[in-house]
Amino acid sequence: MKTKPQALLRAAEIAAMPERQHVHQFNANAIRHTRTLGTLAGLEHIGLHLIRLAPGADSTEYHSHDNDEEFLYVIAGRGIAILDDEEHDIGPGDIMAFPRRSIPHAMRNPYDEDLVYLMGGERNESDVVHYPRLRRSMVKTAGRRYYTEWDDQHDL
């Protein structure tokens, strides 16, 4: 039976939700503790997640998207944002927004306290995610994900 979407998610409900640990497929140090809010609210085209990044963890592998737009809004703690190979200190109230085909980006938490942020973005059926430091691209299409190494690609 499908759960009825909730238009209102109360702070106490969110705090009581169990966190799901997500480890990035290309970065074993990118461990996010996630509460998925968008699906519970019935959103189908937008992902919305409350993320806790423990001290010493990365948010993801440094990347950019061809099709999906995304944003991050820092709620608590501090971190380092890596934006187009430049590092920036970030803290509560800071927002980062990435339109499609934006600059590569990632975050890390080198501090002694958790970094907590709201992350949202599109859930397009097809997207290509580029990982420039790994020289790799991941293709998401038709419910499938696969990657290719840049050195193995051939122009047509």
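As the structure is a computational prediction, the values presented were derived from the model and not from experiment.
- Although no hydrogens or angles enter the test, the distance criterion places a donor-acceptor pair under 3.5 Å between the side chain of Glu13 and the main chain of Arg10.
- Between Tyr73 atom OH and Leu50 atom CG the span is 12.5 Å, to the nearest 0.5 Å.
- Within a 6.0 Å sphere centred on CG of Leu8, heavy atoms belonging to other residues, nucleotides or ligands number more than 12.
- Classification of Arg133 and Asp85 as a salt-bridged pair holds, one side-chain N sitting under 4.0 Å from a carboxylate O.
- Between Val128 and Tyr147 the shortest side-chain heavy-atom distance does not fall below 4.5 Å.
- Exactly one residue among Arg35, Arg32, Met119 makes a side chain to side chain contact (heavy atoms under 4.5 Å, CB included) with His49. That residue is Met119.
- No side-chain heavy atom of Tyr111 sits less than 4.5 Å from a side-chain heavy atom of Leu53.
- Leu118 places a side-chain heavy atom less than 4.5 Å from the side chain of Ile75.
- Side-chain contact check for Met107 versus Leu72: some heavy-atom pair is nearer than 4.5 Å.
- Taking CD1 from Ile103 and CE from Met96, the interatomic distance works out to 10.0 Å, rounded to the nearest 0.5 Å.
- At least one side-chain heavy atom of Asp114 sits under 4.5 Å from a side-chain heavy atom of Pro55.
- The nearest pair of heavy atoms linking Tyr62 to Ala106 is CA-CB, 3.8 Å.
- The local environment of CD in Glu87 is crowded, with over 12 non-hydrogen atoms from other residues, nucleotides or ligands closer than 6.0 Å.
- Distance check, rounded to the nearest 0.5 Å: CG of Asp127 to CD of Glu122 gives 8.5 Å.
- The hydrophobic clustering, which links ILVMFWY residues whose side-chain heavy atoms are closer than 4.5 Å, places Val116 and Met17 together.
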Item checked: Verdict with reasoning, Arg145 to Met138, per side chain to side chain contact (heavy atoms under 4.5 Å, CB included) -> CA-CA 7 Å; Arg145 293 174 186 236; Met138 179 185 71; 3.7 Å; yes
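- When all heavy atoms of Thr36 and Thr34 are compared, the closest pair comes out as OG1-CG2, 3.8 Å.
- Here the side chains of Asp84 and His105 are not in contact, with every heavy-atom distance at 4.5 Å or above.
- Taking the ring axis of Tyr131 as reference, the NZ or CZ atom of Arg136 does not stay both within 45° of it and closer than 6.0 Å to the ring centre.
- In this model, a donor atom of one side chain and an acceptor atom of the other lie less than 3.5 Å apart for Asp58 and Asn27.
- The side-chain heavy atoms of Tyr146 and Val139, taken from C-beta on, include a pair separated by under 4.5 Å.
- Two rings, from His130 and His63, have their centers 6.0 Å or more apart.
- Counting only distance, with no hydrogens or angles, the side chain of Asn124 and the backbone of Thr141 share no donor-acceptor pair below 3.5 Å.
- Transitive grouping of hydrophobic side chains (ILVMFWY, heavy atoms separated by less than 4.5 Å) keeps Ile82 and Ile90 in distinct clusters.
- The shortest side-chain heavy-atom distance between Asp68 and Lys140 falls under the 4.5 Å cut-off.
- Classification of Arg135 and Glu149 as a salt-bridged pair fails, no side-chain N sitting under 4.0 Å from a carboxylate O.
- Hydrophobic cluster membership differs between Ile95 and Phe98, with clusters built from Ile, Leu, Val, Met, Phe, Trp and Tyr side chains linked at under 4.5 angstrom.
- In terms of modelled atom types and a separation under 3.5 Å, the side chain of Asn109 and the main chain of Gly56 share no donor-acceptor contact.
- For Gln25 and Glu61, the side-chain atoms include no donor-acceptor pair closer than 3.5 Å.
- For the pair Gly77 and Pro92, the tightest heavy-atom approach, listed with the atom from each and the gap, is O-CD, 3.2 Å.
- To the nearest 0.5 angstrom, Leu83 atom CG is 10.5 Å from Ile80 atom CD1.
- Using modelled atom types and a 3.5 Å distance limit, the side chains of Arg100 and Ser64 yield no donor-acceptor pair.
- Arg108 CZ to Leu115 CG: the interatomic distance, rounded to the nearest 0.5 Å, is 12.0 Å.
- To the nearest 0.5 angstrom, Phe26 atom CZ is 10.0 Å from Thr60 atom OG1.
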